[in-house]
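This report refers to the structure that appears directly beneath it.
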Amino acid sequence: MKVTGRIDGVPSEVWHEEVLAPQFAYEAEHLLGHYVAIEKVLLLEYVRMDLVDADGAAALAARLDALSPDAVRADPAQNMSDISFAVERHVQDGPVAPFPAWHVDRSRNDLQACAQLMAARESLAAVADDLLAFARTVVALAGRYTDTPMPGYTHGQAAQIVSPGFHLAALAAETVAALRRMLRTYDECDACPLGSGTMAGQELPWDRDRMAGLLGFARAQPHALVAVASRSWATSIAADLAQHAVALSRFTTDLMDWGGSDRGFLDLPDELAGISAAMPQKRNFPVLERIRGRCAQVAGRAADIVAGQRNTPYSNTVEVSKEVGGQLRVQVDAMRSALRLAHAVIAGASFRTDRMRTACADDHLGGFTLANRLTLTCGVPWRTAQIIAGRYVKTSVERGLRPGEPDAALLCAAAAESGHVLDGGEDLGALLAEAFDVDLGLRAKQSAGSAHPQRVRELLAEQSEELDALDAAWADNAARRRRSA
C-alpha cells in the first residue's frame with residue numbers, strides 16, 4: 001500500500017531490521033492499546049465536527065477493537081514498518097470502508113507523542129505503587145526496632161548509638177520524598193499532546209480539552225511545539241527514578257555491611273540467602289548485590305536518556321521520542337525489579353539484637369554525651385569538655401577499661417591536664433555510668449527527628465499518614481485513567 005507520494009521505494013533491509021522492526025515490536029507490545037484509544041477519541045471528534053455520523057464512527061471503532069499485537073506486523077512494503085500506518089491499513093482492510101474524512105488533518109507526530117506519554121504515565125504510576133508498598137513494609141519493620149540499640153557508623157567506624165528503626169525511618173523518608181517528587185512529575189506530565197499536529201497546531205477546530213479528558217489527562221498541553229517536541233517528561237521521570245535508585249543502593253550497602261560476618265547484625269530468611277560452592281561454611285546474601293546492580297542500571301539509564309537529548313534541536317524530532325520511550329521502559333523495568341527484591345529483603349529481615357547491644361557496650365559511644373554532661377553539670381567550657389572526654393576515652397582504651405567500668409579518678413586526671421578540677425566521688429562515677437549506658441545513650445537525643453525511640457515512633461506515624469495521603473493522590477490519578485479507558 002502506498003502511504004506517501006514523496007517516497008516511491010520501501011525501507012531498506014538494514015533500516016528495517018536494525019531500527020524499524022524492533023521499534024514496531026516495542027510499540028505493538030507496549031503502545032498499541034494507547035494508539036487504539038487515541039484513534040477512538042479522534043473518531044469522537046470527527047462525529048462532533050459532523051465529518052461522520054455515529055454509525056460510521058462505530059463501525060471503525062469496532063474494527064479498531066479487533067487490533068492486537070498479533071494482528072499487525074512490520075511490513076516494509078505494506079506499512080513502511082510503521083505502526084501508525086499498520087493501524088491505518090488494518091482499518092482500511094476491514095469490512096467497512098473508512099469515511100472520506102477519516103484521518104483528515106491528522107499528524108502522526110502528536111499521536112505518537114501522546115501514546116508515548118500515556119505509556120510513561122502508566123509506568124510512573126506502576127513504580128509509585130511499588131514504592132508505596134515498599135515504604136509501608138519499611139515503616140512496619142522500623143516500628144519493631146525503635147527501642148533496639150545498635151551502633152551508628154560514620155566513616156566506617158562506630159560513632160553513636162542509634163537503632164534499626166531510626167535507620168529504616170530514614171529509608172522510609174527517602175521513599176516518601178521520592179513519591180512526592182514523582183507525583184509532582186506526574187502532574188507536570190499530565191498534559192495531553194493530541195491536537196498539536198506536526199509542530200504548529202492543526203487546521204480543524206479540534207476540542208483539545210475534550211480529547212485530553214477522554215484520554216484521562218488533567219489538561220491539554222497549551223503549546224503545540226512543546227506538546228510534540230519536549231522530552232522533559234522523560235528526563236524528569238528518569239531523574240526521579242535515578243535519584244531514588246541511588247538512595248536505595250546506599251541503604252543496601254548498609255545492609256550488606258550489617259549482614260557481613262564482621263558485624264552479623266542482620267539476618268535474612270534462607271530463601272533469600274546463598275551459599276558458596278567452595279566454602280560450605282558461608283551463608284551469603286547475594287540478593288543485596290543484585291539490588292545494587294539494578295540500581296546502577298537505573299542511574300546509568302537516566303544518564304543515557306539525558307545525554308540523548310543534549311544538543312538535539314528543540315524542533316520536533318519524532319525519532320528521538322521513540323528512542324527515549326524504549327530507554328525509559330528499560331529503566332522502569334530495572335527500577336521495579338530492584339524494588340521487588342528490596343521489598344522481599346525488608347519483609348524478611350530480622351536483626352540480631354544481642355550482637356548489636358554487645359557492639360554498643362564494647363565501644364565508648366557515649367563520648368559526646370560525656371562532653372555535654374561535663375559542660376552542663378560541671379561547668380567545663382564545651383571545647384575543653386570535648387578534649388577531656390576524648391582524653392578519658394583514649395586512656396580507658398589503652399588501659400583496657402570497658403565503657404561500663406567508670407573510673408572517676410581517670411576523669412579527674414584528664415580534666416586536670418586541661419586545668420580543671422572536678423569533684424571526685426560517686427557523682428562523677430554516676431555521670432560516667434550514665435554517659436556510657438547503652439539504653440540511656442539511645443534515649444539521650446531529645447530533638448525532633450532524633451534516634452530517641454519516641455521521636456522515631458512519632459516520625460513513623462507521620463510517615464504513615466503521608467503515605468495514606470500519597471496513596472489517595474495516586475489512586476485519584478489511576479481512577480481518572482480507568483474512567484478514560
Side-chain angles (χ1 to χ4, degrees), residues 1-8 10 24 27-28 31-67 71-72 75 77-118 191-217 219-229 315-319 321-322 484:
M1 177 187 72
K2 193 172 180 62
V3 297
T4 176
R6 186 69 179 84
I7 297 175
D8 293 326
V10 298
F24 192 104
E27 294 193 64
L31 303 184
L32 186 58
H34 300 310
Y35 280 122
V36 170
I38 293 167
E39 289 285 0
K40 289 184 175 180
V41 168
L42 294 177
L43 284 173
L44 289 172
E45 278 295 284
Y46 286 134
V47 172
R48 185 188 63 80
M49 292 186 287
D50 292 327
L51 295 175
V52 65
D53 59 24
D55 290 340
L60 297 196
R63 181 62 176 169
L64 288 168
D65 284 335
L67 268 173
V72 292
D75 188 323
Q78 296 299 314
N79 53 43
M80 297 189 72
S81 301
D82 181 279
I83 197 164
S84 297
F85 292 144
V87 170
E88 192 170 285
R89 180 62 183 269
H90 172 84
V91 173
Q92 288 176 332
D93 289 344
V96 178
F99 54 94
W102 185 55
H103 281 178
V104 66
D105 199 37
R106 193 210 73 167
S107 166
R108 287 188 305 146
N109 289 2
D110 61 340
L111 182 143
Q112 291 173 345
C114 190
Q116 292 279 359
L117 187 52
M118 290 172 73
C192 182
L194 196 60
S196 297
T198 300
M199 62 183 293
Q202 296 195 256
E203 298 181 6
L204 291 178
W206 301 90
D207 188 338
R208 297 194 59 222
D209 289 331
R210 177 176 183 249
M211 290 192 292
L214 288 170
L215 290 171
F217 284 91
R219 62 195 178 281
Q221 171 56 248
H223 196 290
L225 182 57
V226 172
V228 293
S315 57
N316 181 32
T317 307
V318 176
E319 301 307 321
S321 173
K322 294 178 178 179
S484 72

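Computed from a predicted model, the values in this text were never measured in an experiment.
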Checklist entry - What heavy-atom pair brings L111 and L194 nearest, and what distance separates the two atoms? => result CA-CD1, 4.3 Å

Next on the checklist: Measuring from atom NZ of K40 to atom CG of L64, what distance do you get when rounded to the nearest 0.5 angstrom?
Outcome noted: 7.0 Å

Checklist entry - Can you tell me if Y35 uses its side chain to pair, donor with acceptor, with the backbone of Q112 under 3.5 Å? => result no

Item to check | Min side-chain heavy-atom separation M49-P205 under 4.5 Å | outcome: yes

Checklist entry - Sequence neighbours excluded, which residues qualify as salt bridge (Lys or Arg N to Asp or Glu O under 4.0 Å) partners of D207? => result none

Next on the checklist: Checking side chain to side chain contact (heavy atoms under 4.5 Å, CB included) between T198 and each of N109, D110, V228, which is the one that passes?
Outcome noted: N109

Checklist entry - Hey, is E39 close enough to R106 for a salt bridge, meaning N to O under 4.0 Å? => result yes

Checklist outcome for this item: Scanning both residues in full, the closest heavy-atom pair of R208 with S196 reads NH2-OG, 3.2 Å

Checklist entry - Just by distance, do the side chain of D105 and the backbone of Q202 share a donor-acceptor pair under 3.5 Å? => result no

Next on the checklist: Give me the atom names and distance for the closest heavy-atom approach of V47 to A57.
Outcome noted: CG2-CB, 3.5 Å

Item to check | Spatial distance of atom CG (L42) from atom CE (M211) [nearest 0.5 Å] | outcome: 7.0 Å

Checklist entry - Taking side chain as C-beta onward, heavy atoms only, is M118 less than 4.5 Å from C114? => result yes

Item to check | Close side-chain approach of W102 to L51, heavy-atom, < 4.5 Å | outcome: no

Item to check | Heavy-atom side-chain contact between V72 and L67 under 4.5 Å | outcome: yes

Checklist entry - Is R63 salt-bridged to D93, going by a charged N under 4.0 Å from an acidic O? => result no

Checklist entry - Closest approach of P98 and L60, non-hydrogen atoms and distance? => result CA-CD2, 3.9 Å

Checklist entry - Do V87 and V36 have side-chain heavy atoms sitting under 4.5 Å apart? => result no

